[in-house]
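One structure below.
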Amino acid sequence: MGTVEGLTRSFDCIIAGAGPGGAYLGYLLSSLGLKCLILEKKSIPRYKPCGGGLTKRALDLLPFDLTGIVEDWAVKARLCFGGGFIREVLFDQPVIGLVMRSRLDSFLVSKAQEAGAVVLTGVAFKDVKAASGGSLEVQTTAGDFKALVLAGADGAGSRTARALGLWKNRVGCPAVEAEVYPLSRESLDAWRGMVEFDFSAAPKGYGWVFPKADHLSVGVFSTGKETKGLRGRLFDFMVSRGLKEQDIKGIRGHMIPLGPHNGPFASPVGLLVGDAAGLADPITGEGIYHALRQAELAARCIAATLTGKNGRLTVYNSLVQEEFIRELSYARRLAHLFYGMPRLSRLMMRVGTDKVIGYHLDIITGRRAYRDLFLKAVNPLTFLSSAFG
């Protein structure tokens with residue numbers, strides 16, 4: 001990674017955060033010939049608590065070969081709903097790539113560097129002020145830099161969002177994840193090619209098991225705001241799957257900022273992508289696809305603004321509204337139904353499991369929207385009749 005010594009202090013765009021959204025945005029802007037600086041407060045690679053599930057719609061966005069980054073491919077899913085109701089589904093193609101965020105983020109950062117981006121690690125964003133000539137003075141722990149645009153990709157607690165006056169209407173929900181290294185190779189091999197979601201493992205949420213090359217990522221997520229007892233829920237979930245607490249080599253809690261909210265997501269001088277924008281999927285907590293797609297929209301707005309093509313950064317607000325807010329509004333309503341009315345949800349799943357899974361598979365592969373599933377769900381008679389049809 002780069003060092004501060006001898007580094008120019010002036011850039012077209014400075015990006016705070018080197019997660020998927022920030023790194024991909026850096027790659028896109030640099031590929032367009034813009035001078036881009038990515039700031040990351042930690043070293044790279046660094047551990048990030050994340051299930052590490054790359055859905056097909058996320059994979060389809062990236063113009064890179066991820067061989068060696070994807071550690072397993074999910075071709076089967078096990079869904080558990082409590083009361084002994086378990087369903088296994090075999091897909092006709094891999095639909096989720098399982099990755100470690102440390103490796104994925106490092107890979108995307110390397111692609112941004114290859115495209116010309118400068119990356120500083122161990123450097124944190126502090127604040128931003130207006131400077132002369134319409135530029136910005138970006139204050140960091142390594143001194144001040146100048147930029148024309150500031151992009152916040154610094155996660156759920158985004159300091160950039162606060163500095164830009166974009167920190168509004170956030171809903172954060174807790175998750176706890178452990179990296180589990182089973183002593184038995186057979187117990188690890190039993191999970192190959194399969195992901196599990198247990199919707200009875202956490203209140204108004206689920207537990208998950210995602211296989212990686214040499215271990216399992218196991219976690220619990222709740223759409224409720226209460227974090228007390230969630231770690232205990234994780235241990236109970238692990239025990240129920242034959243996993244031992246002493247096999248944990250890392251455990252972290254984190255908040256997932258669930259959408260939707262109405263923003264704003266951009267000001268005349270800066271914008272937000274990924275968890276900094278606060279728009280993770282309110283049903284699954286998925287955020288990587290959103291971060292990557294928002295990076296594409298952000299790159300379009302930044303490039304148009306800086307190249308004088310009648311662009312304004314605030315156009316990003318309408319683009320995010322159009323592509324994400326309505327869709328996530330339907331997802332939020334579905335989440336209220338699914339997590340808030342468990343008996344009805346369980347009945348609908350028992351009767352129409354294949355239909356529900358088919359709809360959601362279409363969503364994560366980009367073939368269908370949450371709106372379609374919502375309109376089915378709000379009319380149970382229509383839904384159930386279609387399930388038998």
Side-chain angles (χ1 to χ4, degrees), residues 8-40 61-63 105 108-109 111-120 125 127-131 133-140 144-155 158-167 263-279 288-325:
T8 179
R9 291 276 167 172
S10 182
F11 293 87
D12 293 316
C13 180
I14 292 179
I15 302 169
Y24 191 41
L25 178 58
Y27 164 80
L28 293 171
L29 293 176
S30 299
S31 297
L32 293 173
L34 297 175
K35 291 174 60 180
C36 185
L37 170 65
I38 302 175
L39 304 174
E40 172 55 48
L61 289 179
L62 292 172
D105 293 3
L108 293 177
V109 166
K111 292 300 180 181
Q113 289 179 299
E114 289 173 10
V118 175
V119 179
L120 290 180
F125 168 83
D127 205 352
V128 61
K129 295 181 179 179
S135 65
L136 301 172
E137 180 183 288
V138 179
Q139 300 174 349
T140 80
D144 297 346
F145 294 86
K146 284 191 175 181
L148 298 175
V149 173
L150 174 64
D154 46 347
S158 176
R159 190 163 188 166
T160 312
R162 299 177 193 273
L164 290 170
L166 301 176
W167 183 265
F265 308 98
S267 75
V269 296
L271 48 71
L272 308 173
V273 299
D275 278 356
L279 294 176
I288 298 178
Y289 164 76
H290 297 180
L292 297 175
R293 179 56 183 151
Q294 288 157 16
E296 292 185 337
L297 299 177
R300 183 195 311 174
C301 293
I302 293 171
T305 300
L306 297 185
T307 56
K309 296 180 179 178
N310 298 318
R312 291 177 294 110
L313 282 186
T314 50
V315 170
Y316 182 70
N317 286 316
S318 59
L319 294 178
V320 172
Q321 286 278 345
E322 178 181 346
E323 184 155 336
F324 288 95
I325 303 305

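FYI, the numbering just counts along the sequence from 1.
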**Study point:** Among L120, D12, V119, T8, side-chain contact (heavy atoms from CB on, under 4.5 Å) partner for L37
**Key:** L120
Check your understanding: Where do G270 and L166 come nearest, in terms of heavy atoms and distance?
Key -> O-CD1, 4.3 Å
Practice item. Taking the side chain as every heavy atom from C-beta outward, state whether R159 and R162 have any atom pair closer than 4.5 Å. Key: no
Review point. If you look at every heavy atom in G19 and D105, which pair is closest and at what distance?
Key: CA-OD2, 3.8 Å
**Study point:** Shortest non-hydrogen separation from A295 to L25 and the atoms involved
**Key:** O-CD1, 3.6 Å
**Study point:** Stepwise side chain to side chain contact (heavy atoms under 4.5 Å, CB included) check, V109 with E40
**Key:** CA-CA 10 Å; V109 166; E40 172 55 48; over 6 Å; no
Check your understanding: So, the side chain of S158 versus the backbone of A276: is there a donor-acceptor pair under 3.5 Å, distance only?
Key -> no
Check your understanding: Given the rule in the side chain to side chain contact (heavy atoms under 4.5 Å, CB included) test, do L313 and V149 qualify, once you have shown the distances and angles that lead to the verdict?
Key -> CA-CA 9 Å; L313 282 186; V149 173; 3.8 Å; yes
Point to revise | Partner residues of F324 under the ring-ring contact (aromatic ring centres under 6.0 Å, His included) criterion, sequence neighbours left out | key: H290
Practice item. Calculate, to the nearest 0.5 Å, the distance between atoms CD1 and OG belonging to I325 and S318 respectively. Key: 11.5 Å
Review point. Do the non-hydrogen side-chain atoms of V269 and L150 ever get within less than 4.5 Å of each other?
Key: no
Study note, to complete from the structure: By salt bridge (charged side-chain N to carboxylate O under 4.0 Å, His left out), K35 pairs with (sequence neighbours left out) none
Practice item. Please check if the side chain of S135 supplies one atom and the backbone of A131 the other of a donor-acceptor pair under 3.5 Å. Key: no
Review point. Taking only residues two or more places apart in sequence, or in another chain, which ones meet Q321 in a side-chain hydrogen bond (donor to acceptor under 3.5 Å, both in side chains)?
Key: none
Check your understanding: What's the spacing between I302 CD1 and Y316 OH if we round to 0.5 Å?
Key -> 8.5 Å
**Study point:** Euclidean distance, Q113 CD relative to I38 CD1, rounded to 0.5 Å
**Key:** 7.5 Å
Check your understanding: When you measure from the side chain of D144 to the backbone N and O of E137, does any donor-acceptor pair fall under 3.5 Å?
Key -> no
Revision key, fill the gap. When rounded to the nearest 0.5 Å, the distance separating CG of L29 from SG of C36 is 5.0 Å
Check your understanding: A151 and T160: which non-hydrogen atoms are nearest, and at how many Å?
Key -> C-CG2, 4.3 Å
**Study point:** 4.5 Å side-chain heavy-atom contact, L62 and L108
**Key:** yes
Review point. Can you name the closest pair of heavy atoms from C301 and L319 and give their distance?
Key: SG-CD1, 3.5 Å
Review point. Roughly how far apart are E114 CD and S31 OG, rounded to 0.5 Å?
Key: 10.0 Å
Check your understanding: Taking all non-hydrogen atoms of both residues, which atom of A291 and which atom of G274 are closest, and how far apart?
Key -> CB-CA, 3.6 Å
Review point. Sequence neighbours excluded, which residues qualify as side-chain hydrogen bond (donor to acceptor under 3.5 Å, both in side chains) partners of T314?
Key: R312
Point to revise | side-chain hydrogen bond (donor to acceptor under 3.5 Å, both in side chains) partners for E322, two or more places apart | key: none
**Study point:** side chain to side chain donor-acceptor pair (under 3.5 Å) partners of residues 14-27, not counting sequence neighbours, each pair once
**Key:** Y24-E296
Practice item. Could you grab the distance from atom CD1 of I15 to atom OG of S30, nearest 0.5 Å is fine? Key: 7.0 Å
**Study point:** Donor-acceptor under 3.5 Å (N317 side chain, F265 main chain)
**Key:** yes
